[in-house]
Amino acid sequence: MLDVQNQRDHRNIGIDKVGVKNIRYPITVLDRANGTQHTVAQVNMFVDLPHQYKGTHMSRFIELLSEYPDISPRKVPEILEAMKTKLQAQSAHLEVEFPYFMSKEAPVSQAQGLMEYGVTFRGKLNGDGMDLVVEVKVPVTTLCPCSKEISTHGAHNQRGIVTLAVRFVKFIWIEELIELVEASASSPVFSLLKREDEKQVTEQAYENPMFVEDVVREVARKLDKDDNIIWYAVDNENFESIHNHSAYAYIERDKKAG
C-alpha cells in the first residue's frame with residue numbers, strides 16, 4: 001500500500017516535535033516499599049521530522065509503547081533510543097504523567113491511609129545527549145507566620161501544592177522526593193486522621209509557621225546539600241484560606257553552573 005507519510009514534502013520546513021499525546025496507558029513503576037506499583041499514565045511521545053518527509057508514522061509510537069509495560073527513570077533512555085530508531089529520528093521526547101500512591105501512617109493513632117501524589121517523567125534524547133527530569137506534586141499544609149504573630153487567638157492556615165522537579169546523577173526514589181518536600185512545610189497532609197491525629201497535626205503546624213517563601217527555601221537548602229541532585233526547580237502554590245488569590249514562590253538552580 002502507498003506510504004503517504006514517506007512522500008516528499010516540498011515546503012522545506014522541518015518539525016521539532018511530532019507524535020501522539022494523551023495516551024492513557026497502564027504501567028508498572030518502581031515502589032520502594034512494595035517493589036512495584038500498578039498505575040495508569042498519561043503519555044506523550046514525540047520525535048523530530050526532517051523537512052523532506054510529509055509525516056511520521058503515528059502507529060509506531062503505540063507499537064513501541066506496548067513493548068514497555070514497566071516504566072521507571074532507568075527505562076526512559078532505552079525507550080527514547082528505541083523511539084529514535086523506530087521512527088528514524090534525530091531527537092525523541094517522552095512525557096509520562098501518573099498518580100502514585102503511598103501508604104501513610106497518622107502521627108498518633110497510626111491509622112493507615114493511601115495518599116496520592118502526581119509524578120511525571122520527562123525525557124529527551126538528541127545530539128546533545130540524554131536529559132531526564134523527574135517531577136513530583138506534593139500537597140502540604142502551611143500556617144501563616146504573620147497571622148500567628150498578630151492574632152490573639154489562632155492563625156490561618158492553608159493547603160498548598162509543592163511541585164519539585166530534579167535532574168540527578170544516580171537513581172532516586174519517588175518517595176525520597178516526596179518525603180523531602182513534606183519535611184519542608186508546616187505539616188504534611190494525610191488522607192486519614194483520627195481526632196488525636198488532627199490535634200497533633202494542627203498543633204505541629206502552629207509551632208512551625210511558614211510562608212511559601214520559607215517552604216521553597218527549605219526545599220532548596222536540602223537539595224543544595226545533596227550531591228546527587230545537579231539541577232532542581234521547586235515552586236509552592238498556597239490556596240489561601242482568607243484571600244481570594246493564591247500565594248506563590250519559585251526557585252530554580254543549576255548546581256553544575258555554580
Contact list for residues 69-94, test ring-ring contact (aromatic ring centres under 6.0 Å, His included), sequence neighbours left out: none
Please answer: with hydrophobic residues joined when any side-chain heavy atoms are less than 4.5 Å apart, are F101 and V119 in the same cluster? no
Taking the side chain from K255 and the backbone from I229, do they hold a donor-acceptor pair closer than 3.5 Å? yes
Taking the six-membered ring for Trp, are F98 and F121 closer than 6.0 Å centroid to centroid? yes
Any V134 side-chain heavy atom under 4.5 Å of L177 side chain: yes
Would you mind reporting whether V169 and I230 have side-chain heavy atoms less than 4.5 Å apart? yes
How about L192 and Q112: do any of their side-chain heavy atoms sit closer than 4.5 Å? no
What's the spacing between D227 CG and K170 NZ if we round to 0.5 Å? 9.0 Å
Under 6.0 Å from the ring centre and within 45 degrees of the ring axis: does the NZ or CZ of K148 meet both conditions for the six-membered ring of Y206? yes
Connected-component partners of F211 among ILVMFWY, side-chain separation under 4.5 Å: none
So K104 and E182, salt bridge (charged side-chain N to carboxylate O under 4.0 Å, His left out) or not? Walk me through it. CA-CA 12 Å; K104 198 166 181 183; E182 290 183 334; 2.7 Å; yes
Distance col, row E218:CD vs R221:CZ, nearest 0.5 angstrom, shows 4.0 Å
I'd like to know whether CD of E149 has more than 12 heavy-atom contacts from other residues, nucleotides or ligands below 6.0 angstrom. no
Tightest non-hydrogen contact, residues D214 and P145, listed as OD2-CG, 4.2 Å
Is there a side-chain contact between I161 and V138 in this structure, where contact means two heavy atoms from C-beta onward sitting under 4.5 Å apart? no
Of all pairs that satisfy side-chain hydrogen bond (donor to acceptor under 3.5 Å, both in side chains), the ones with a partner from residues 183-193, not counting sequence neighbours: S184-K222
Quick check: do K21 and M45 have side-chain heavy atoms less than 4.5 Å from each other? no
Heavy-atom distance under 4.5 Å between the side chains of D70 and I27, does that happen here? no
Suppose the criterion is side-chain hydrogen bond (donor to acceptor under 3.5 Å, both in side chains): which pairs have a residue in residues 121-130, not counting sequence neighbours? R122-E135
The single option from I23, V18, V47 passing side chain to side chain contact (heavy atoms under 4.5 Å, CB included) against F61: V47
Applying side-chain hydrogen bond (donor to acceptor under 3.5 Å, both in side chains), run through Y232 and D224 and close with a yes or a no. CA-CA 9 Å; Y232 63 84; D224 284 341; 2.9 Å; yes
Using only atom types and a distance under 3.5 Å, with no angle test, would you say the side chain of S151 pairs donor to acceptor with the backbone of H153? no
Output yes when K199 and E203 qualify as a salt bridge under the 4.0 Å nitrogen-oxygen rule, no when they do not. yes
Is there a chain of hydrophobic side chains (I, L, V, M, F, W, Y, each step under 4.5 Å between heavy atoms) that links Y25 to Y100? yes
Applying side chain to side chain contact (heavy atoms under 4.5 Å, CB included), run through V189 and R159 and close with a yes or a no. CA-CA 8 Å; V189 170; R159 185 161 58 92; 4.2 Å; yes
S147 side chain to H156 backbone, donor-acceptor under 3.5 Å: yes
Tell me the closest heavy-atom pair linking V29 and I71, and the distance in Å. CG1-O, 3.2 Å
Please assess E196 against S109 for the test side-chain hydrogen bond (donor to acceptor under 3.5 Å, both in side chains), listing each intermediate value before the final yes or no. CA-CA 7 Å; E196 58 269 34; S109 71; 4.6 Å; no
Test side chain to side chain contact (heavy atoms under 4.5 Å, CB included) applied to K137 and V162, step by step: CA-CA 6 Å; K137 291 184 178 293; V162 175; over 6 Å; no
Just verifying a value: how many Å separate D226 CG and I172 CD1, rounded to the nearest 0.5 Å? 6.0 Å
To the nearest 0.5 Å, what is the distance between CG on L87 and CG on L49? 9.5 Å
Is a side-chain donor or acceptor of D31 paired with a backbone partner of A33 at a separation under 3.5 angstrom? yes
With the side chain counted from C-beta on, respond yes when V181 and V215 share a heavy-atom pair under 4.5 Å apart, and no when they do not. no
Strictly distance-based, threshold 3.5 Å: is any side-chain N or O of N34 a donor or acceptor partner for the main-chain N or O of T36? no
Report the C-alpha separation of E179 and R32 in whole Å, then their side-chain angles, then the decisive distance to 0.1 Å, and conclude whether the salt bridge (charged side-chain N to carboxylate O under 4.0 Å, His left out) test is met. CA-CA 12 Å; E179 290 164 357; R32 188 177 63 183; 2.5 Å; yes
For R217, look at atom CZ and say whether over 12 heavy atoms of other residues, nucleotides or ligands are found less than 6.0 Å away. no
Under 3.5 Å donor-acceptor, Q158 side chain and T142 backbone: yes
What's the shortest heavy-atom distance between K75 and Y68, and which atoms? CD-CD2, 4.5 Å
Verify whether one side chain among Y248 and N236 offers a donor that lies under 3.5 Å from an acceptor in the other. no
To the nearest 0.5 Å, how far apart are CG in L94 and CE in M83? 6.0 Å
In terms of hydrophobic clustering (I, L, V, M, F, W, Y; side-chain heavy atoms under 4.5 Å; direct or indirect links), are V166 and Y250 co-clustered? no
Contact between F190 and V201 at the side-chain level, heavy atoms closer than 4.5 Å - yes or no? yes
Give, for atom CG of N228 and atom CD of E176, the distance between the pair rounded to the nearest 0.5 Å. 8.0 Å
Decide whether V136 and F168 are clustered together by the hydrophobic rule: side chain heavy atoms of Ile, Leu, Val, Met, Phe, Trp, Tyr closer than 4.5 Å, transitively. yes
Scanning both residues in full, the closest heavy-atom pair of A185 with N208 reads O-ND2, 3.0 Å
Heavy-atom closest pair, residues G123 and L80: C-CD1, 3.6 Å
Among all residues two or more places apart in sequence or in another chain, which pass the ring pair (Phe, Tyr, Trp, His ring centres under 6.0 Å) test with F171? W173
Would you indicate whether Q37, at its atom CD, is surrounded by more than 12 heavy atoms from other residues, nucleotides or ligands within a distance under 6.0 Å? yes
Looking only at non-hydrogen atoms, find the nearest pair between A165 and V133 and report the distance. CB-CG1, 3.8 Å
Quick one: does D197's side chain have a donor or acceptor within less than 3.5 Å of a partner on K194's backbone? yes
Residue pairs fulfilling side-chain hydrogen bond (donor to acceptor under 3.5 Å, both in side chains) with at least one residue in residues 38-48, sequence neighbours excluded: N22-Q42, T28-H38, N44-E95, D48-S91
What about M130 and W231, same hydrophobic cluster or not, with Ile/Leu/Val/Met/Phe/Trp/Tyr joined at side-chain heavy-atom distances under 4.5 Å? no
